[in-house]
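Okay, so here's the structure we're looking at.
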Amino acid sequence: MEKIQPIMPQEFTNKLQTKKNLTLIDYLAFFRPCLEQAINFAIGPFCWYIPDTRTMKIIAVSDNIRQLTPYTQQEWLGQDVSFLAANIHPDDCNYVLGATALAADLNENLPVEKRGNLRINIYGRMLDANRNYRWTLIQYPDRYFNSDGKIESTVSMLTDLSHFDLIKKPMMTVIDNNNKECQYFKVNVDTKKISPFALPNITKREQEILKLMARGLNTPKIATALFLSYHTVEKHKRNLREKTSTQTSAELMSFVCSNNLF
């Protein structure tokens, strides 16, 4: 079993900082296709920032970041790890940094052709626009690797989970689609161990329904959006509850979001 170790901001910098070089990379342009697609898989209000690990500074930020954090776009630009750490709950901060460092290691240790199949999700409490802590999903949907195979930049996506009453403690999930058995690995800071779990097979149609449920749509609205009958949508919901051993829609969404089944 591999353990997730909480780390301090300076240690985080030491682990992730890459070598400086003279090559100028337009990371924002590189990540633009990913950013344009983000709305299609977001499960709540989100913002993003892009760091450069050569300088360990934030070099690009979404226009709406002030709506979801206490700081403006200009205040985020040029900030370092200490600034990011100050936005994370003190009890969660070192675990979130440790999980992020672990995520980098997992990506960098994969063969190049398999890196796109790894999905990382980190959960922790971060400040909202009113300086209240709320649970946030931290994802890295795209990464830029340098010639040494190190992550030189990444899209860091922050999704507000305050509309879900499901996360109770910081954790990290990893789904490796390279594994033909689709094993799921979950890092829980109580035990600090990665443990395998078997996940149910969710069909494409069921995923579409789950995404609409996450956005707050009820059965009639889902039926209209997907051109299905009311009874067909209800049947899919029953099948999903059976697959996940849940009794209600709330329990279903809790299971789905905790296990990243979208």
Side-chain angles (χ1 to χ4, degrees), residues 1-21 25 27 31 46-62 65 68-71 75-110 115 118-128 131 133-159 161 167 169-174 185-194:
M1 290 291 186
E2 185 175 355
K3 295 181 180 179
I4 177 172
Q5 299 292 342
I7 61 177
M8 301 291 287
Q10 185 56 55
E11 186 180 358
F12 179 88
T13 297
N14 295 339
K15 284 178 175 290
L16 272 69
Q17 189 163 20
T18 55
K19 297 178 182 179
K20 294 183 179 180
N21 59 63
I25 305 295
Y27 298 119
F31 291 129
F46 71 92
C47 56
W48 54 263
Y49 67 90
I50 297 173
D52 182 341
T53 62
R54 296 173 299 180
T55 61
M56 295 303 288
K57 303 287 186 181
I58 295 171
I59 52 93
V61 184
S62 62
I65 202 158
L68 298 173
T69 76
Y71 302 100
E75 288 173 319
W76 272 82
L77 289 172
Q79 297 289 354
D80 59 13
V81 177
S82 296
F83 174 84
L84 179 62
N87 279 270
I88 305 172
H89 194 286
D91 292 344
D92 301 351
C93 180
N94 294 340
Y95 288 114
V96 169
L97 295 180
T100 301
L102 174 58
D105 286 341
L106 291 171
N107 273 281
E108 292 170 354
N109 289 329
L110 281 175
R115 288 172 178 165
L118 197 65
R119 297 162 60 190
I120 303 293
N121 304 278
I122 299 171
Y123 302 83
R125 289 167 290 182
M126 297 187 67
L127 291 171
D128 64 13
R131 295 183 177 274
Y133 288 108
R134 51 85 165 87
W135 285 100
T136 301
L137 169 62
I138 306 168
Q139 296 172 296
Y140 307 101
D142 200 4
R143 297 149 298 278
Y144 179 90
F145 292 85
N146 64 18
S147 58
D148 295 326
K150 298 295 184 180
I151 296 175
E152 196 168 273
S153 188
T154 183
V155 173
S156 301
M157 184 172 164
L158 309 176
T159 302
L161 295 183
I167 310 297
K169 50 196 171 186
M171 65 180 186
M172 169 182 168
T173 65
V174 179
F185 298 88
K186 179 177 179 181
V187 178
N188 187 311
V189 300
D190 284 349
T191 62
K192 303 177 186 174
K193 292 183 178 180
I194 299 177

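Small disclaimer: the values here were computed from a predicted structure and weren't measured.
Scanning both residues, A103 and I120, for their nearest heavy atoms gives CB-CG2, 3.6 Å. When all heavy atoms of E152 and T18 are compared, the closest pair comes out as CG-OG1, 4.1 Å. The two residues M157 and P141 have their closest heavy-atom pair at CB-CD, 4.2 Å. Among all heavy-atom pairs drawn from N87 and P70, the shortest one is OD1-CD, 3.6 Å. Nearest approach of V96 to G124, heavy atoms of both residues: CG2-CA, 4.2 Å.
Although no hydrogens or angles enter the test, the distance criterion places no donor-acceptor pair under 3.5 Å between the side chain of R131 and the main chain of D128. Proximity of a side-chain donor or acceptor of T69 to a complementary backbone N or O of L127 within less than 3.5 Å is not detected. No donor-acceptor distance shorter than 3.5 angstrom exists from the side chain of D92 to the backbone of I88, with no hydrogens or angles considered. In terms of modelled atom types and a separation under 3.5 Å, the side chain of S153 and the main chain of D52 share no donor-acceptor contact. At distances below 3.5 Å, at least one donor-acceptor pair connects side-chain atoms of D80 with backbone N or O atoms of S82. The closest donor-acceptor contact from the side chain of N121 to the backbone of Q139 lies at 3.5 Å or more, if one exists at all. For the pair S62 (side chain) and C47 (backbone), a donor-acceptor distance under 3.5 Å is absent.
At a threshold of 4.5 Å between non-hydrogen side-chain atoms, the residues R134 and R125 do not count as touching. Here the side chains of T136 and T159 are not in contact, with every heavy-atom distance at 4.5 Å or above. Y140 is listed as a side-chain neighbour of T100, based on a closest heavy-atom distance under 4.5 Å.
In this structure, CG in L77 is found 14.5 Å from OH in Y71, a value given to the nearest 0.5 Å.
Side-chain rings of W48 and F31 stay apart, their centers remaining 6.0 Å or farther from each other.
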**Prompt:** Checking side-chain contact (heavy atoms from CB on, under 4.5 Å) for the pair L158/M126: CA distance, chi angles, key distance, verdict?
**Reply:** CA-CA 9 Å; L158 309 176; M126 297 187 67; 4.1 Å; yes

**Message:** Is there a ring pair (Phe, Tyr, Trp, His ring centres under 6.0 Å) between W135 and Y123? Walk through the geometry before answering.
**Reply:** CA-CA 7 Å; W135 285 100; Y123 302 83; 8.0 Å; no

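For T154 and Y27, the side-chain atoms include no donor-acceptor pair closer than 3.5 Å.
A cation-pi arrangement is absent between R54 and Y144, since the terminal nitrogen or guanidinium carbon is not both under 6.0 Å from the aromatic centre and inside a 45° cone about the axis.
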